[in-house]
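Here the structure is laid out as structure tokens; the discussion comes afterwards.
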Amino acid sequence: MIHFVLLISRQGKVRLTKWYSAYSQKERTKVIRELSGLILTRGPKLCNFVEWRGLRVVYKRYASLYFCMCIDEDDNELEILEIIHHYVEVLDRYFGSVCELDLIYNFHKIMMSTKVLVSE
Amino acid sequence: MSSSSVVSLIKVKQNPKRKKNTKNALPSPIQNFPRKFHLFYQSPTLKNLPNAKFHQITLNNQTPKSLSLHKSQMSGPSLMDSLFQRTLEDLIKGLRQQLIGEQAFISKALEEIRKEIKSTDLSTKSTALLKLCYLSNLHFHDMSFAAFHALEVLSSPRFSHKKIAYHAISLSFHDSTPVLLLITNHLRKDLTSTNEFEVSLSLQCLSRIANVDLARDLTPEVFTLLSSNKLYVRKRAVAVVLRVFEKYPDSVRVCFKRLVENLENYDPQILSAVVGVFSELACKDPRSYLPLAPEFYKILVDSKSNWISIKVLKIFAKLAPLEPRLANRVVEPICDLMRKTGAKSLLFECVRTVVTSFSEYESAVRLAVEKIREFLVDEDPNLKYLGLHALSIVASKHLWVVSENKEVLIKSLSDPDPNIKIESLRLVMAMVSEHNVAEISKVLVNYALKSDPLFCNEILGSILSTCSRNVYEIIVDFDWYVSLLGEMSRIPHCQMGEEIENQFIDIGLRVKDVRPELVRVARDLLIDPALLGNSFLHRVLSAAAWVSGEYVEFSRNPLEFMEALLQPRTSLLPPSIMAIYIQSAFKVLVFCLHTCFVRGGSTAGVSASASYESFDDLSVENGADSTVAHGQTCTSAPITNESIVNLLKLVELALSPLLGSHDVEVQERARNLLGFVDLIKLEALNSSGQEENDSERKGVEATKIIRLVHDAFSKELGPVSLTAQGKVPVPDGLTLNENLGDLETICGDIELPSSNTFSFGYPSEEKDVSSFSNLQIKEDSGQLNESTSLLAEHRKRHGLYYLPSGKSEVISNDYPPANDPALQGDNNDNASDLVKLTAESLVPKRKPNHSKPRPVVVKLDEVDEKPVAVKQLESRDDSLSGAVRDILFGSEDILPTSSRSNLPNSNRKGKKKQHMITQVESKENVVDDGNSSSRRRKDHSHGKERRHRKKNAEERNETDRKEKESSSNHPRRHKSRQRAEEPLKVPPQTSVIPDFLL
């Protein structure tokens, strides 16, 4: 099960969040701070999985944007990587060639497409 | 993908806008100016139009909207404000360009939103809501105040408004949102709408916010949608079912059949959704879904989509352990899949399924291991990591696999990726056994020396925890382990001081044979002045100091210890550890004096207090009569009177500054020691200046003091179980809650120095002892554990009250209290258990057994063996799985009623036995009616369908009825009903499974 989806820029700015498990707003900020500290410091050519609070965070970097998904221990990490890639492709097809600014300015559309995608 | 249809819909609508604003980055104010002007000019004409229509224009034709940039920055009438509201896009742009600080800008925007959201115009409202969503999502601002407004927007007939409203609702609503009740009718309306996008919107929303009431009330609608002919809707309905089931298990009775029918659907989207739902359901309670195994099997074999296969594999991983014959059937297709698939994700899932659930199938495991090895040597760090992860799953059952890949593991310890390093470290630790522990630890310590501080400590921590597991189970050579501990504490990055400290003391207490080596290691640590500068090592040093004081009799050269303990650099230590140093110095000093005067001077004293006969090899050169060394150890620097005098001087020199210490503990202990030195000094000085026999005569009293103190210190400290207290039954006459007033007198006793207390064996020494007794008392308050005579005396007198306080003693002191024989002697009546415990655990095992290579490790049963938690096999949500079983098994009564009647109750074991019997029976059954079973199943399903429709109608009636009842007692009623049905459901289940499988 996917617990949440985060899009974080390399500077640690949040571009998109989507929560499928109950987190209070306070917890959310904490989660993001923790995770961006954890993920953004990882160098290139390391593996894309991070263990975090007994869950696993799968992340992938596209240009300056990190796509993170938090999943259960026994979920398939590679499948999640594929899903992230699929998502990026969808965004790309929708926006022509997608860039970070697109995501910033088209918040609600992204939200919609994320919703559609994750429910699949 | 049907998602593209919606996406493209939006795209067509809004494309022009996007191109204008996002690609041309941010328009400069100058560029904007004429447009604004133009807008102003135009607006009066627009104002005449009704609001709704105006907004229709703005939505279809994007120009006015995009022109309203920075509109709100202009002061204007209130109507203008609502007309020229800032859009989301303006908000985002403003946020990026703001100069007043992000927080200030957001709070301003929020203020605006609060105003706008109260507007009667739905368009304004929805835009405000959208902005609020943005702020809530990315800047985490509370949007619960807008809950009702979201509902208002929801009632709009326009799809674009609805979309925003649903979005806001699914973002912000939760079970305790007060207006949740009001949404039911909106949802119902949209669920039955003819517009499929509206339906899917409301379904999506339902999947996020459904609670018990919503799930119950909307079950009929969801049920209808489950067979919708629009795929787009149907797949979402399937997904919603998961949430509905979870919240309202009774809905299973209605929807389950349709859900199962969707398993046979050929559309990959729907199949994916259904399988997803089942894989989530099966995670919670796999047993209920065993009858669906044939369907899953078919999907597994036929599936073209990797993602679906992965989910089905997950289901089988849960089901297979429950039913061995199912595993038999499935293992082959999984292996096939593993061989031929190109997708790494699917491959990994196969591997994981095999190693978790099919670990007894040798060939499958071999194949999986082969694939794991491929992963391990792969360049991709992801695969490497997952390979290691899979390996750690195998490790629990097939340790040979890990040792086979040892080289790879050791190599990946130096991988650049910390995750891979940690994972491989875990694996390396998993293969540690008593044969290879030395070798592996050596390799790891070498790695620790080379690696970064973080990983270094990770390594050290795992070595420590692995070696100490189950009371040092895997350690055979404790001498080696103790020196390893010493070595580890010298590693520069080591921060495991606390753990090493604990193990030093623990081993010292538990393993008698290792003490000489322990003392040697402690000496090496103490004597090195450089180590005192490292604050991480202070804990280790404190343990070393304690060991040196406690087991000083094993030392080759106690004088060396004194110097080490009193060296000037000890001032770097924190006070608490300083206090331990001083106390240890006290012990060592007493030992030195004892060997010098008591044992060297009077042979009677030696034989009387010969507690360490094997080690009385200390040659005391008090003249020319050096005793013959006949032990393993040999004192290199003999203790002479001269050295004693030096020692006393050293003590005075080192400790006198500490008398003014701010720390109470340090000050007090320093004072104790100095007081003792004062007592002794006179005699020691005399004896050094005078003749032998003269000193002997004069020093009789001092000698007695020394002996007394030495006896107090030489009592062995044994480990005491933390739970020992609990084993002592409360005596009949004792009421623990009352009589606390008696404490007063007991405590008063401790404070009152009665000569009686100290005349334990020496009643004649009134004068000397009383001066010493003050000393002793002072020390007592800090260190109950040291003065055994006091304790023993006290125990004698207040045995009844003593036991309860024994526990607090264990907790308050770092080290367990002395194991006093007086306890065994006097408290037999009410402490028999405790005595038995100490007698059992300490006395017989203490005897060094030289024939065995491994020294005896003292164990206390209650603490060291953790109680094995009895796993409850009961499923987590009884009601849901109960309902599922009801549907799956309820209507297929093949089993004769006679066998059902003699079924035991819901005891699981009983069930299993029954299972075995019925399996055999039903096998025969199946052979008899051959392949008619499938036909019969179909008939059943038809019949069921009809029954379900009827049931459905009934359900509605029932829900109506239920609504009238108070909601609070509903779940309880429901549950009890469920429980009542449970025993009836069980027997059909056991009989049906084999039928499906063969």
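Chain letters run A, B, ... following the sequence lines, proteins first and then strands; every chain starts at 1.
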Problem set entry | B:K371, NZ atom: more than 12 neighbouring heavy atoms under 6.0 Å | yes

Exercise. How far apart are the closest heavy atoms of A:N48 and B:N382, and which atoms are they?
Worked result: N-OD1, 2.5 Å

Exercise. Just wondering, do A:E79 and B:F348 contact through their side chains at under 4.5 Å, heavy atoms?
Worked result: no

Problem set entry | Proximity breakdown for B:S279 and chain A, heavy-atom pairs closer than 4.5 Å | neither

Exercise. Is it the backbone or the side chain of A:I32 that comes under 4.5 Å from a heavy atom of chain B, or both, or neither?
Worked result: side chain

Exercise. Considering only heavy atoms from C-beta outward, does the side chain of A:F49 approach that of B:L386 to under 4.5 Å?
Worked result: yes

Seminar exercise, completed: Taking every heavy atom of A:N76 against every heavy atom of B:S345, the minimum-distance pair comes out as ND2-O, 2.9 Å

Exercise. Looking at A:L78 and B:K344, what are the two nearest heavy atoms and their distance?
Worked result: CD1-O, 3.4 Å

Exercise. Quick one: are A:L46 and B:N419 in side-chain contact, heavy atoms under 4.5 Å?
Worked result: no

Seminar exercise, completed: So, the part of B:I422 with a heavy atom under 4.5 Å from chain A: the answer is neither

Problem set entry | Pairing of B:E423 and A:R56 as salt bridge, 4.0 angstrom limit | no

Exercise. What distance do B:L346 atom CG and A:E82 atom CD have between them, rounded to the nearest 0.5 Å?
Worked result: 9.0 Å

Problem set entry | Proximity breakdown for B:E349 and chain A, heavy-atom pairs closer than 4.5 Å | both

Seminar exercise, completed: Looking only at A:K26, A:R28, A:R42, the option with the highest number of non-hydrogen pairs under 4.5 Å against chain B is A:R42

Exercise. Highest number of heavy-atom pairs under 4.5 Å with chain A: which of B:R208, B:E379, B:K384?
Worked result: B:R208

Seminar exercise, completed: Most contact-rich option vs chain A, by heavy-atom pairs under 4.5 angstrom, among B:A343, B:A317, B:S136, is B:S136

Exercise. Which one of B:S207, B:P416, B:P381 has the most heavy-atom pairs closer than 4.5 Å to chain A?
Worked result: B:P381

For this session: Using the side-chain contact (heavy atoms from CB on, under 4.5 Å) rule, take A:H86 and B:W307 through it: C-alpha gap first, then chi angles, then the decisive distance, then the call.
Result: CA-CA 12 Å; A:H86 179 65; B:W307 290 358; 4.1 Å; yes

Seminar exercise, completed: Scanning both residues in full, the closest heavy-atom pair of A:E73 with B:R352 reads O-NH1, 3.7 Å

Exercise. Can a salt bridge be assigned to the pair B:K318 and A:D74 using a cut-off of 4.0 Å between side-chain N and carboxylate O?
Worked result: yes

